[in-house]
Amino acid sequence: MDYYHILYTADKNYFPHMVTSLYSLLENNKFSNFMIHIMESGYTKAEDKILEDIINLYSNCNIQVYDISKISFLMRKFDLPKWRGTDMAYARLFFQKVIPNVSKLLYLDCDTTIVDSLDALFEKETSTPVAAVKEIVIPSHIKGKLDTYYNAGVLLFNYELWAKEACFDTIYKTLQNLDVELLFADQDLLNLSLNQKITSLNTKYNIMPIIATTVQHPFIARKFYQDRPYFYSQKEVVEALQDPHILHNLSYLQARVWQQNKIHPFNSYYDCYRKMWDQDYQKEKNKNLLPNLFFAPFFNLALKTYAREDYYQKIKKLIKKGEKKT
């Protein structure tokens, strides 16, 4: 049987979001066969039972689980700093150490929602070891070093080219000569090491919250995209939003889709797939102010479009400071 190979990395805290992503994947790809590879940490019999239920429910799915300890020693060898207290952020870069030779491997962040078929993505011819969607922002500590910066939430690996072009060795050499702090863990490392070996995917395969909201304000969006020539054009984004395939549930104005809020554009998608398997699901409380202001997305887009970046960052800090006092 031919499989599409998918990789998730998730500790126990992100397990519910990974399962929700899995349900969205399998519900919208019922005519494709999947081998799901999961690098995990801290799973108990309860988590194992949920994964078994998925296998029993979807005949087109098989799941292989790998304990993170199998590659943790390599992370210590390379002196990789932990990200938010775990090794999970870097785990995807070590996929060849645990997953046997496959044609293509699609890495998905746990906070993704798949809303359409992935057949075309897996059938896409790639001439580089990695394919990814460009990031809307080039971080300040990376500016001047790279002309394009990719988001690591959805990564299509060409297994053969990754090995042939010794990408793992390139990453190691980059670590040895690193002259910046890795603020965004593996995403920074991937971009600094392999930027010229990454093919740009259509943004419909990794739609971020702010991108989804720009379509509601086309006049502001025109300038927003004109000022970001390293990203996609407004026309490309509009076309992607008319044919979305993968939504990326990133934090948006201090709101996550599993938290109480009135502004995240992907709330309903996440809730739909979460309720398929979690009958006790209730959104977490969110004490922040912005998620409850329906006009916050408009002001955020306007500020990001017309305000200088240093002013925008100052305003963000003032808002966070004010929320801590309330």
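Keep in mind that what you see is a predicted model, and the values were worked out from it rather than measured.
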Show your reasoning for whether side-chain contact (heavy atoms from CB on, under 4.5 Å) applies to Ser21 and Asp111. CA-CA 7 Å; Ser21 181; Asp111 59 354; over 6 Å; no
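- With sequence neighbours excluded, no residue satisfies salt bridge (Lys or Arg N to Asp or Glu O under 4.0 Å) with Asp67.
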Verdict with supporting geometry, Asp109 and Tyr107, side chain to side chain donor-acceptor pair (under 3.5 Å): CA-CA 7 Å; Asp109 263 358; Tyr107 167 79; 2.5 Å; yes
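- The two residues Pro129 and Glu165 come nearest to each other via the heavy atoms CG-OE1, 3.7 Å.
- Panel note: side chain Ser193, backbone Leu190; no donor-acceptor pair is recorded below 3.5 Å.
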I would like to know whether Tyr150 and Ser200 meet side chain to side chain donor-acceptor pair (under 3.5 Å); could you show each step before the answer? CA-CA 8 Å; Tyr150 293 92; Ser200 296; 3.0 Å; yes
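- Heavy-atom minimum distance, Leu118 versus Asn29: N-OD1, 2.7 Å.
- Paired with Ser32 under the rule side-chain hydrogen bond (donor to acceptor under 3.5 Å, both in side chains), one option of Asn60, Asp119, Asp2 passes, and it is Asp119.
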Show your reasoning for whether side chain to side chain donor-acceptor pair (under 3.5 Å) applies to Asn292 and Asn261. CA-CA 6 Å; Asn292 292 306; Asn261 77 89; over 6 Å; no
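- Using a 4.5 Å cut-off on side-chain heavy atoms (C-beta onward), Ser117 and Asn28 make no contact.
- Sorted by first and then second residue, the salt bridge (Lys or Arg N to Asp or Glu O under 4.0 Å) pairs involving residues 170-193 (not counting sequence neighbours) are Arg92-Asp186, Lys145-Asp179.
- Judged by distance alone, the side chain of His264 and the main-chain N or O of Leu250 form a donor-acceptor pair under 3.5 Å.
- With contacts defined as side-chain heavy-atom distances shorter than 4.5 Å, the pair Glu135/Phe184 does not qualify.
- Of all the heavy atoms in Pro218 and Val215, the pair that sits closest is CD-O, 3.7 Å.
- Of all heavy-atom pairs between Ile63 and Met35, the closest is N-SD, 4.4 Å.
- When side chains are defined from C-beta on, Glu47 does not count as touching Ile38, because their heavy atoms never get closer than 4.5 Å.
- Inter-residue side-chain proximity for Ile220 and Tyr306 is flagged as met; some heavy-atom pair is nearer than 4.5 Å.
- A donor-acceptor contact under 3.5 angstrom links the side chains of Asn249 and Thr113, judged on distance only.
- With respect to Thr20, the side-chain hydrogen bond (donor to acceptor under 3.5 Å, both in side chains) criterion is satisfied by exactly one of Trp277, Trp258, Tyr281: Trp277.
- Applying the salt bridge (Lys or Arg N to Asp or Glu O under 4.0 Å) rule to Lys164 yields no partners; only residues at least two apart in sequence or on another chain are considered.
- The main-chain N or O of Lys134 is never found under 3.5 Å from a side-chain atom of Asn151 such that the two would form a donor-acceptor pair.
- Between Glu236 and Phe231, the closest side-chain pair of non-hydrogen atoms is not below 4.5 Å.
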If you apply the rule side-chain contact (heavy atoms from CB on, under 4.5 Å), what do you find for Leu7 with Met39, and how did you get there? CA-CA 8 Å; Leu7 171 64; Met39 293 187 189; 4.2 Å; yes
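- Under the ring pair (Phe, Tyr, Trp, His ring centres under 6.0 Å) rule, Phe95 has a single partner from Trp162, Tyr8, Phe168, which is Trp162.
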side-chain contact (heavy atoms from CB on, under 4.5 Å), that's the test. Do Ile142 and Asn191 meet it? Break it down for me. CA-CA 9 Å; Ile142 301 294; Asn191 276 278; 5.8 Å; no
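- For residues 199-227, every residue pair satisfying the salt bridge (Lys or Arg N to Asp or Glu O under 4.0 Å) rule, not counting sequence neighbours, is listed here: Lys204-Asp243, Lys223-Asp227.
- Among residue pairs with one or both ends in residues 21-38, those qualifying as salt bridge (Lys or Arg N to Asp or Glu O under 4.0 Å) are Glu27-Lys30; sequence neighbours excluded.
- Looking at residues two or more places apart in sequence or on another chain, you find no side-chain contact (heavy atoms from CB on, under 4.5 Å) involving Gln282.
- The closest donor-acceptor contact from the side chain of Thr305 to the backbone of Leu301 lies under 3.5 Å.
- Checking Ser24 against Tyr270 by side-chain atom types alone, no donor-acceptor pair falls below 3.5 Å.
- Not a single ring pair (Phe, Tyr, Trp, His ring centres under 6.0 Å) links Tyr269 to another residue, sequence neighbours left out.
- For the pair Tyr252/Val257, no side-chain contact is recorded, criterion being any heavy-atom separation below 4.5 Å from C-beta on.
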Could you go through Leu121 and Asn202, starting from their C-alpha distance and side-chain angles, then the distance that decides it, and tell me whether this counts as side-chain contact (heavy atoms from CB on, under 4.5 Å)? CA-CA 9 Å; Leu121 180 58; Asn202 189 306; over 6 Å; no
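- Using modelled atom types, no side-chain atom of Asn288 and backbone atom of Pro291 make a donor-acceptor pair closer than 3.5 Å.
- Residues Leu192 and Leu178 form a side-chain contact, since some pair of their non-hydrogen atoms from C-beta on lies under 4.5 Å apart.
- Residues Tyr43 and Phe15 place their aromatic rings such that the two centres sit under 6.0 Å apart.
- Side chain of Gln187 to backbone of Ala152: a donor-acceptor contact under 3.5 angstrom is found.
- Crowding of Gln196 atom CD: a count of heavy atoms from other residues, nucleotides or ligands under 6.0 Å not exceeding 12.
- Cys167 approaches Lys197 most closely through the heavy-atom pair SG-CD, 4.5 Å.
- A salt bridge between Asp53 and Lys49 is present, with a side-chain N of the basic residue lying under 4.0 Å from a carboxylate O of the acidic one.
- Pairs engaging residues 289-304 under the salt bridge (Lys or Arg N to Asp or Glu O under 4.0 Å) rule: none recorded [sequence neighbours left out].
- Residues Val115 and Phe266 fail the side-chain proximity criterion, which asks for heavy atoms closer than 4.5 Å.
- Closest approach of Tyr232 to Leu201, counting heavy atoms only: OH-O, 2.6 Å.
- There is a path of hydrophobic side-chain contacts, each under 4.5 Å, that joins Val237 to Phe219.
- Judged by distance alone, with hydrogens and angles left aside, the side-chain atoms of Tyr230 form a donor-acceptor pair with the main-chain N or O of Ile136 at under 3.5 Å.
- Contacts of His5 classified as ring pair (Phe, Tyr, Trp, His ring centres under 6.0 Å), with partners at least two apart in sequence or in another chain: His37.
- Residues passing the side-chain contact (heavy atoms from CB on, under 4.5 Å) test with Gln216, sequence neighbours excluded: none.
- Side-chain atoms of His248 and Asn206 include a donor-acceptor pair closer than 3.5 Å.
- Side-chain contact of Thr199 with Thr128: a donor-acceptor pair under 3.5 Å is present, judged by distance alone.
- Residues meeting the ring pair (Phe, Tyr, Trp, His ring centres under 6.0 Å) test with Tyr58, sequence neighbours left out: Tyr23.
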Using distance only, find each side-chain donor-acceptor pair of residues 96-106 under 3.5 Å and give its atom names and separation, not counting sequence neighbours.
residue: Gln96; atom: NE2; partner: Tyr159; partner atom: O; Å: 3.4
residue: Lys104; atom: NZ; partner: Phe122; partner atom: O; Å: 2.9
residue: Lys104; atom: NZ; partner: Lys124; partner atom: O; Å: 2.2

